[in-house]
Peer 1: 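Handing you this structure, nothing more for now.
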Amino acid sequence: MNLISELRWRGMIQDIKPGTEEQLEKEMTTAYVGFDPTADSLHVGNLVPIMLLKHLQRAGHKPLALVGGATGMVGDPSFKAEERKMLDLDTLAHNLRSIQAQLEKYLDFDPSKPNSAEMVNNYDWFKNITFLDFIRDVGKHITVNYMMAKDSVKKRLDGDSGMSFTEFSYQMIQGYDFYHLYNQKNCKMQMGGSDQWGNIVTGTELVRRLGGGEAYAFTCPLIKKKDGTKFGKSESGNIWLDANKTTPYQFYQFWLNADDDDAENYIRIFTFLEEAVINSLIAEHREDAGKRLLQKKLAQEVTTFIHGAEGYEKAIKTSEILFGKASIETLRSFSEEELIHVLTGVLQYEMPAASLTEGKDVVTFLAEAGIFSSKGEARKTIQGGGVSLNGSKLTGVDLIIDESSLLNGKSILFQKGKKNYYLVRMV
RNA sequence: GGGCAGGUUCCAGAGUGGCCAAAUGGGGCGGACUGUAAAUCCGCUGUUUCGACUUCACAGGUUCGAAUCCUGUCCUGCCCA
């Protein structure tokens, strides 16, 4: 099956330039996706472009991952209501390095292969271009009218926060990337999320006007959740690919908690399972949705892809302990080491052991440990019946935490709500 | 540079001298139900030693008392140049 039809049944094609499919049939094609260095780790939202590159490479084409050292300095205004904060150079450089390291884990960079992945940083070519050169050589070819007509900037043009020239230039800069890669790397195609369509088309336009060549592109629909909320967030914030920011357990839980309808889409987009396999999984899931077969398979596949089999195993184990039949008695039976091991991935906090000798009221304890940002919040949540200590719900705020509260040796397990576990270790 | 309209708690957006820690909606969090879903319903949503304390762009001022009035500063939008 060719790349486009593969992606099509997976629901990963939104817009596509005419001729793209033919180009991919014709020869090994180099295509690129851009990654924004807004943080020092990629997150699940970036997983889509990673999957695109991965599929591309599997189909025998050559993936190019562009990290936006230059574009990151400007900030993409596409569909955003407000200008975002600019990052300083040090942060940017740090983020770039981290992101590069991550990408290397997911794509095949083996240079002996003809379609090995490559990484490029647009800062490398932009740092030598002067402003005057740019506006003369590049800016000349695109009209402001054309740029303003883009849906992606409409929000800002109509909105009440305005758009700086810096941001407005963004699409030109990204467009130039495409032209540059077309020239230097024979890169004829760009992919991305559908929010990038405007920027991408500016690129193909530049390739045509400036280089007289034909460039291709397609975009993937933005991942939407059924309830319309933003994909890629959980109670505790962004879901990162970096195990230090989002542990494999949390990562696994994120996928496991997917809504039934969402899971049907996700499994097509975020796994490499074949169509027949996925269809039978979906059918089976619909038989008895309560088993959440689909979510489990989805979580397994994605967690394994990102964190490896070992990360997945641990995530499963922790999940079974916390959500399975195992009671608090099971937890008590573990030694200190076993406890830490089995709960890897659960958020861990530390408190000085000394605070237990005299005892501390729960509210203060939870606030000081950092589980709640203030005592008031801790108190209100407890009063609302939202906090459990070692598996049993707290009924009042006047409990004293002391040595008798220890689960086993040195730790206390708190639970906020149904799914948020916190292990407080006494040190 | 000129004119006009604005800057309120996470967001949107009321409030125009005391009844304002500030309506309402959204979001977030928690509870019930359930499948660690969805939908629905309910509660919470500045801090607190619960006496208070710090908030309504910033700095001053008027007043017994200001988010609300005055002066200056900064920022934003719209229109004109």
Side-chain angles (χ1 to χ4, degrees), chain A residues 77 80-85 153-168 224-239 249-267 282 284-300 303 315-327 343 345-347 360-368 371-389 391-398 413-422:
Chain A
K80 294 194 177 71
E82 280 178 19
E83 181 156 4
R84 72 160 188 244
K85 290 192 185 61
V153 295
K154 204 157 267 171
K155 202 173 206 166
R156 297 296 291 283
L157 257 21
D158 299 342
D160 51 10
S161 63
M163 171 157 66
S164 66
F165 177 71
T166 309
E167 287 188 283
F168 188 56
K224 283 255 183 58
K225 291 210 293 184
K226 190 184 156 206
D227 59 13
T229 58
K230 199 170 187 276
F231 168 78
K233 297 246 186 199
S234 77
E235 291 85 348
S236 41
N238 267 332
I239 301 297
Y249 158 74
Q250 292 171 309
F251 189 84
Y252 176 82
Q253 284 287 323
F254 169 76
W255 297 102
L256 189 71
N257 278 303
D259 173 273
D260 290 346
D261 293 344
D262 289 337
E264 293 190 12
N265 297 326
Y266 294 172
I267 200 153
I282 289 176
E284 207 178 335
H285 177 252
R286 285 182 180 166
E287 283 292 301
D288 183 1
K291 281 188 182 159
R292 295 189 303 159
L293 267 175
L294 200 57
Q295 282 92 338
K296 283 180 185 165
K297 188 66 182 168
L298 169 70
Q300 176 189 349
T303 308
I316 273 264
K317 205 166 178 183
T318 308
S319 300
E320 276 170 0
I321 297 283
L322 294 179
F323 296 102
K325 299 224 164 37
S327 64
L343 294 183
V346 171
L347 282 175
K360 219 170 210 137
D361 66 286
V362 235
V363 171
T364 309
F365 189 91
L366 287 168
E368 282 182 9
I371 294 173
F372 287 93
S373 55
S374 74
K375 288 193 203 175
E377 195 188 333
R379 187 176 301 114
K380 281 167 190 158
T381 311
I382 293 174
Q383 281 165 346
V387 180
S388 297
L389 165 74
S392 48
K393 190 171 277 191
L394 293 180
T395 50
V397 293
D398 32 46
L413 183 69
F414 283 101
Q415 192 179 344
K416 181 185 127 198
K418 271 179 265 197
K419 306 177 202 171
N420 307 299
Y421 289 89
Y422 308 88

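By convention in this document, chain letters (A, B, ...) are assigned in the order of the sequence lines, proteins followed by strands, and residues within each chain are numbered from 1.
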Peer 1: Searching all strands shown, indicate the nucleotide that pairs with rU62(B) (Watson-Crick or G-U wobble; both distances under 3.5 Å).
Peer 2: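 No nucleotide pairs with rU62(B).
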Peer 1: Name the nucleic acid region contacted by Lys296(A), choosing base, sugar-phosphate or nothing; use a 4.0 angstrom heavy-atom cut-off, strictly under.
Peer 2: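 If one applies the 4.0 Å heavy-atom cut-off, Lys296(A) turns out to touch nothing in the nucleic acid.
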Peer 1: Measure from CG on Leu366(A) to P on rG30(B) and round the result to the nearest Å.
Peer 2: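 Going from Leu366(A) (CG) to rG30(B) (P), I get 14 Å.
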Peer 1: Less than 3.5 Å between a donor and an acceptor, one on the side chain of Glu377(A) and one on the base of rU45(B), is that the case here?
Peer 2: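 Absent.
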Peer 1: Just verifying a value: how many Å separate Lys419(A) NZ and Ser319(A) OG, rounded to the nearest 0.5 Å?
Peer 2: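 The OG atom of Ser319(A) is 12.0 Å from NZ of Lys419(A), to the nearest 0.5 Å.
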Peer 1: Given rA32(B), rU45(B), rG30(B), identify the nucleotide with an atom nearest to the side chain of Lys393(A).
Peer 2: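 The answer is rA32(B), which lies nearest to the side chain.
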Peer 1: For the pair made of CG in Leu394(A) and P in rG31(B), what is the distance, rounded to whole Å?
Peer 2: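 To the nearest whole Å, that distance equals 12 Å.
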Peer 1: Tell me which of Val387(A) and Tyr252(A) sits closer to the 5' end of RNA chain B, going by the nucleotide each one is nearest to.
Peer 2: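 The residue mapped nearer the 5' terminus is Val387(A).
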Peer 1: Taking NZ from Lys419(A) and P from rG28(B), how many angstroms apart are they, rounded to a whole number?
Peer 2: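 The answer, rounded to whole Å, is 12 Å.
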Peer 1: Give, for atom CG of Leu322(A) and atom OH of Tyr421(A), the distance between the pair rounded to the nearest 0.5 Å.
Peer 2: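 It is 5.0 Å, given to the nearest 0.5 Å.
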Peer 1: Just checking, is any N or O donor in the side chain of Asp259(A) or Gln295(A) under 3.5 Å from an acceptor N or O on the other one?
Peer 2: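 No, no side-chain donor-acceptor pair sits under 3.5 Å.
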Peer 1: Do the charged groups of Arg286(A) and Glu264(A) touch, with an N to O distance under 4.0 Å?
Peer 2: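 Looking at Arg286(A) and Glu264(A), the cut-off is met.
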Peer 1: Within the structure, does a side-chain N or O atom of Arg379(A) lie under 4.0 Å from either OP1 or OP2 of rU49(B)?
Peer 2: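 Checking Arg379(A) against rU49(B): at least one side-chain N or O falls below 4.0 Å of OP1 or OP2.
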Peer 1: Check step by step if side-chain contact (heavy atoms from CB on, under 4.5 Å) holds for Leu389(A) and Phe414(A).
Peer 2: CA-CA 5 Å; Leu389(A) 165 74; Phe414(A) 283 101; 3.6 Å; yes
Peer 1: Would you mind pulling out the nucleotide paired to rC10(B), Watson-Crick or G-U wobble, both distances under 3.5 Å?
Peer 2: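 In the structure as shown, rC10(B) has rG26(B) as its Watson-Crick or wobble partner.
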Peer 1: Distance from Ile267(A) atom CD1 to Gln300(A) atom CD, nearest 0.5 Å?
Peer 2: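 One gets 9.5 Å once the value is rounded to the nearest 0.5 Å.
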Peer 1: Rounding to an integer number of angstrom, what distance separates rC78(B) and rC29(B) when you compare their P atoms?
Peer 2: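 About 35 Å, rounded to a whole number of Å.
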Peer 1: Please check the phosphate of rU36(B) (OP1 and OP2 only) for any side-chain N or O of Asn420(A) closer than 4.0 Å.
Peer 2: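 No.
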Peer 1: May I ask you to decide if the ring planes of Trp255(A) and Tyr266(A) are parallel, tilted or perpendicular, using 30° and 60° as cut-offs?
Peer 2: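 The arrangement is perpendicular - the two ring planes meet at more than 60°.
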Peer 1: Provide the distance between the two P atoms, one in rC42(B) and one in rC64(B), to the nearest whole Å.
Peer 2: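 Each nucleotide's P atom is 47 Å from the other's.
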Peer 1: rA37(B) C1' sits how many Å from Gln253(A) CD, rounded?
Peer 2: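 It is 13 Å, rounded to the nearest whole Å.
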Peer 1: Check every atom of rA38(B), rU47(B), rU36(B) against the side chain of Lys380(A) and return the nucleotide holding the closest atom.
Peer 2: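 My answer, after comparing the listed nucleotides, is rU47(B).
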Peer 1: Roughly how far apart, to the nearest Å, are rG77(B) and rG28(B) at atom P?
Peer 2: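 That atom pair is separated by 30 Å.
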Peer 1: Just name whichever nucleotide pairs with rG1(B), Watson-Crick or G-U, keeping both distances under 3.5 Å, else none.
Peer 2: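 When the pairing criteria are applied, rC80(B) turns out to be the nucleotide that pairs with rG1(B).
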Peer 1: Given the C1' atoms of rC20(B) and rA14(B), what is the spacing between them in whole Å?
Peer 2: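 It comes out at 12 Å once rounded to the nearest Å.
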Peer 1: Across the strands shown, which category fits Gly386(A) at heavy-atom distances under 4.0 angstrom: base, sugar-phosphate, nothing?
Peer 2: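 It contacts sugar-phosphate atoms only.
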Peer 1: Can you tell me, in whole Å, how much space there is between the C1' of rC44(B) and that of rA21(B)?
Peer 2: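 rC44(B) and rA21(B) have their C1' atoms separated by 15 Å.
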Peer 1: Has the side chain of Lys375(A) got a donor or acceptor atom sitting under 3.5 Å from an opposite partner on the base of rU49(B)?
Peer 2: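 Side chain to base: no pair present.
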Peer 1: Could you tell me how far rA52(B) sits from rG3(B) if I compare only their P atoms? Round to whole Å.
Peer 2: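 That atom pair is separated by 47 Å.
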Peer 1: In whole angstroms, how far is the P atom of rG35(B) from the CD atom of Glu320(A)?
Peer 2: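 Rounding to the nearest Å, CD of Glu320(A) and P of rG35(B) are 19 Å apart.
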Peer 1: Now, which nucleotide makes the Watson-Crick or G-U wobble pair with rC56(B), with each of the two distances under 3.5 Å?
Peer 2: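 The answer is none; no pair meets the criterion.
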Peer 1: When you measure from the side-chain N and O atoms of Lys225(A) to the phosphate of rA37(B), is any distance below 4.0 Å, counting only OP1 and OP2?
Peer 2: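 Answer no for this pair, as no side-chain N or O of Lys225(A) is under 4.0 Å from OP1 or OP2.
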Peer 1: Leu293(A) CG to rU36(B) P: how many Å, rounded?
Peer 2: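 Rounded to the whole Å, the gap is 14 Å.
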Peer 1: How far does CG of Leu298(A) sit from CG of Leu293(A), to the nearest 0.5 angstrom?
Peer 2: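 If we round to the nearest 0.5 Å, Leu298(A):CG and Leu293(A):CG are 12.0 Å apart.
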Peer 1: Using a 4.0 Å heavy-atom cut-off, does Gln383(A) contact any base of the nucleic acid, only the sugar-phosphate backbone, or nothing at all?
Peer 2: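 Touches nothing.
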Peer 1: Roughly, in whole Å, what's the span from CG in Asn257(A) to C1' in rU36(B)?
Peer 2: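 Rounding to the nearest Å, CG of Asn257(A) and C1' of rU36(B) are 5 Å apart.
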Peer 1: Between rC10(B) and rG27(B), how far is it from one C1' atom to the other, in whole Å?
Peer 2: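 Per the computed distance, 8 Å lies between those C1' atoms.
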Peer 1: Would you say the base of rG35(B) and the side-chain of Asp288(A) have a donor-acceptor pair closer than 3.5 Å?
Peer 2: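 Check fails, no donor-acceptor contact within cut-off.
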Peer 1: Between rG13(B) and rG25(B), how many Å separate the two C1' atoms, rounded to a whole number?
Peer 2: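 After rounding to an integer number of Å, I get 8 Å for this pair.
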Peer 1: Among rA37(B), rG35(B), rU36(B), which is the nearest nucleotide to the side chain of Asp259(A)?
Peer 2: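 Closest of the options to the side chain of Asp259(A): rA37(B).
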Peer 1: In whole Å, what is the span from the CZ atom of Phe372(A) to the P atom of rG28(B)?
Peer 2: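 Roughly 18 Å, once rounded to whole Å.
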Peer 1: Mapping Gly384(A) and Leu157(A) onto RNA chain B by nearest heavy atom, which one lands closer to the 5' end?
Peer 2: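 Residue closer to the 5' terminus by nearest nucleotide: Gly384(A).
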Peer 1: Is there a side-chain contact between Ser374(A) and the phosphate of rU47(B), meaning an N or O under 4.0 Å from OP1 or OP2?
Peer 2: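 Ser374(A) to rU47(B) OP1/OP2: side-chain N or O found under 4.0 Å.
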Peer 1: When you get a sec, tell me which of rA38(B), rC29(B), rG35(B) is the closest nucleotide to the side chain of Lys416(A)?
Peer 2: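 For the Lys416(A) side chain, the nearest candidate turns out to be rC29(B).
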